[in-house]
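FYI, side chains are in, hydrogens and waters are out, and symmetry mates aren't considered; it's all heavy atoms of this structure. Residues: numbered from 1 along the sequence shown.
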Amino acid sequence: MSGVDDGAVISTRRFSKESTMKSMKIDTPQGTMLLLPSHMVLLPAATPDGVVAEVEKEYSRGAAPDSAENRHLPEDWEHVPFSPFKVERIGICTSTRCALRCRYCLECSAENQGTELDNKTILTYVNDGFEKWIVRNMLVGDAKPLQIYFTGGGEPVYDFQSFQELVSAIKDKSRQCSVPTELRITTNAVYGRGCMEFICDHFSSIMISYDGLPEIQNKNRPSPHFPETSSVVESNIAYALSRNVSVTIRTTILPQDVVRLKEMADFLYGKFGSNFAWSIFPVKEEGRAKGAGFDTRQEYSNVDFCDAYIEVCDYVKGRYGNVNVTSPILAPKKVDLYCGSLAAISDITWLRADARIATCLEMGAEETIVGHVVGSEVEYKTTVRDHLTRIALERRQLCRECPAFPFCGGGCPAEHRTNTINGVKGLSWSCRQKIKFWQYVIGTAVSGRACFGWRTQPSRCQRFGKYNVVELREEDSHDHAR
């Protein structure tokens, strides 16, 4: 467990009079440390100002700072340039229809309601992606395979016959155009074996939603077509794993079930072995099913997911080996900008079920629409109004004194749209969890143990050795020492 008070006050100080960078004061079990964000250098807080200035000068020599505040963002978020030729990944929301009635769903569409794209519209969008991939490959060479994601909305496999025809047409076009593709899908897997066999034949990566334990799955993810959804999903997971397809089990977790993470781990690894990735996804604090009035903000305000997550990672590694357990809100990677969907830099677009093209599916009424499919043409805007950029600019200022900022780059703009509980402004729940997580990671690394892929090593400059200056290094994110 972390043993860190996530309510601790975080303070900052300038490195030198000439410096525009700030150190960050972080409490660790080994004492208070100062973090130089752009170079991941840790110094004891009692380090003399002159030594701090020397460290800054030494580590700034010969390298441009890589912190988020030096990453260019358009200042005018209402007129952000957009180019579809930067796009390396395309996503498709084929439908908002689904056979499930999940408690926390964004859509909650009833049977035969919602919106569904026709295959002609989808293929127009995909073919445009192929054309732009070819142009990009001619200009820069060595382009990566075009990644094509199928997701919700609803369930991509809801109309299986149409889904089969679509996937086969995409594969045929890919071969005709000599464009390498990778197909990936997020699915509820509540369907017969024939559907899963087809997916395993054509997709390289499958994310299957399963909420950890049969009783929780059946409660959270019911269907009018199956008395229990757990058994059919478990059968499809087992089959996909037998086909050696890359499988991720995504467990969406409600506040009251956080205490059952170890129980979930024993069930999943006991039933399926260890050859899958497990992604633990707390229901977002703004409430995913807004239309249904489902709101978890107040419940989550009293839940310590960080400690539970660290504990289950330790438990799983000790019992099942070095398996892949992750959580989107506690990613152990350093990023300059969390969001890759900012219009000016976005390398992904999503075709929505209403034929509009967006950069992000989580922004609700403030989503950024960069184009749409009209007949047999795809029309893109060259300038867009981008609320993602607006929020990222705000967080660049508001978050810069936070100890998690050098790692999360200000976090997910979609999550920051709502950061109040009962009308009281403050840090969002996920922000508090991130702060606690990084305090734990840094503190553990400083103690000499690898933690979520991070280690410390003595400063490369021997003259700083007597001041206990250390460098924080990112290695393998799955190398989490207990």
Side-chain angles (χ1 to χ4, degrees), residues 1-2 4 6 100 102-108 151-152 186 188 207-213 215-217 219-221 248-265 267-268 277-290 292-316 324-333 338-339 360-364 404 407-408 410-422 426-441 452 477 480:
M1 305 295 285
S2 69
V4 178
D6 62 344
L100 270 60
C102 299
R103 296 174 65 200
Y104 41 67
C105 181
L106 278 166
E107 298 292 345
C108 293
T151 189
T186 299
N188 60 40
M207 176 177 280
I208 299 174
S209 296
Y210 183 86
D211 284 0
L213 290 166
E215 64 184 89
I216 297 176
Q217 165 76 12
K219 181 180 179 181
N220 288 350
R221 305 178 66 81
T248 298
I249 298 176
R250 181 179 68 179
T251 296
T252 301
I253 191 164
L254 295 174
Q256 64 268 26
D257 297 323
V258 169
V259 296
R260 303 187 70 179
L261 283 177
K262 287 196 287 187
E263 190 180 349
M264 293 177 183
F267 176 81
L268 294 174
W278 184 25
S279 177
I280 307 169
F281 184 63
V283 173
K284 289 188 176 180
E285 63 203 64
E286 65 265 24
R288 291 182 67 186
K290 300 179 185 64
F294 191 88
D295 193 331
T296 61
R297 284 177 289 172
Q298 190 57 50
E299 297 107 305
Y300 260 128
S301 67
N302 300 315
V303 172
D304 195 333
F305 177 73
C306 177
D307 274 358
Y309 176 69
I310 292 170
E311 186 175 7
V312 79
C313 287
D314 284 340
Y315 176 78
V316 166
N324 186 357
V325 182
T326 62
S327 176
I329 75 163
L330 298 179
K333 291 287 186 181
Y338 181 95
C339 181
C360 174
L361 298 177
E362 302 284 349
M363 285 292 285
F407 303 95
C408 75
C412 173
E415 286 187 4
H416 286 306
R417 287 187 304 128
T418 305
N419 66 341
T420 62
I421 298 176
N422 292 342
L427 284 176
S428 69
W429 173 83
S430 58
C431 281
R432 293 196 302 273
Q433 300 302 305
K434 286 184 177 73
I435 291 170
K436 190 168 189 177
F437 177 74
W438 284 109
Q439 287 175 326
Y440 170 80
V441 170
F452 286 98
S477 63
H480 172 214

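Nearest heavy-atom pair, M363 versus A414, reported as atom, atom and distance to 0.1 Å: SD-CA, 3.6 Å. Closest non-hydrogen pair, R221 versus C102, comes out as NH1-SG, 3.4 Å. Taking every heavy atom of both residues into account, D307 and D304 meet most closely at N-OD1, 3.1 Å.
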- Can you check side chain to side chain contact (heavy atoms under 4.5 Å, CB included) on V283 and R103, steps first, answer last? CA-CA 10 Å; V283 173; R103 296 174 65 200; over 6 Å; no
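Atoms CD and CG, from Q217 and N188 in turn, are 8.5 Å apart once rounded to the nearest 0.5 Å. Summarising the geometry, atom CD belonging to E215 is positioned 10.0 Å from atom CZ belonging to F267; distances are rounded to the nearest 0.5 Å. Interatomic distance, SG of C408 versus CZ of F437, reported as 11.5 Å (0.5 Å rounding). Here N220 contributes atom CG and I253 contributes atom CD1; the two are 9.5 Å apart, rounded to the nearest 0.5 Å. Atom CG of residue L213 and atom CZ of residue R260 lie 5.0 Å apart, to the nearest 0.5 angstrom. Remark: L330 CG to K434 NZ distance equals 7.0 Å, nearest 0.5 Å.
Proximity of L261 to E311: side-chain heavy atoms (C-beta onward) are nowhere separated by under 4.5 Å. Between Y309 and V258 the shortest side-chain heavy-atom distance does not fall below 4.5 Å. You'll find the side chain of I280 reaches within 4.5 Å of the side chain of F305, heavy atoms only. With a 4.5 Å cut-off on side-chain heavy atoms, I329 and P282 count as touching. Looking only at side-chain heavy atoms (C-beta outward), L361 and T151 come within less than 4.5 Å of each other. A heavy-atom distance below 4.5 Å is not found between the side chains of K262 and V316. Two residues are said to be in side-chain contact when any heavy atoms from C-beta on lie closer than 4.5 Å; H416 and C431 meet this criterion.
Under the side-chain contact (heavy atoms from CB on, under 4.5 Å) criterion, A277 pairs with T248, N324, not counting sequence neighbours. Residues satisfying the side-chain contact (heavy atoms from CB on, under 4.5 Å) criterion with T251, sequence neighbours excluded, are I249, M264, L268, W278. In this structure W438 satisfies the side-chain hydrogen bond (donor to acceptor under 3.5 Å, both in side chains) test with no other residue, sequence neighbours excluded.
A salt bridge is absent between D211 and K219; no separation between the charged side-chain nitrogens and carboxylate oxygens falls under 4.0 Å.
Between F452 and Y440, the ring-plane angle classifies as perpendicular under the 30° and 60° cut-offs.
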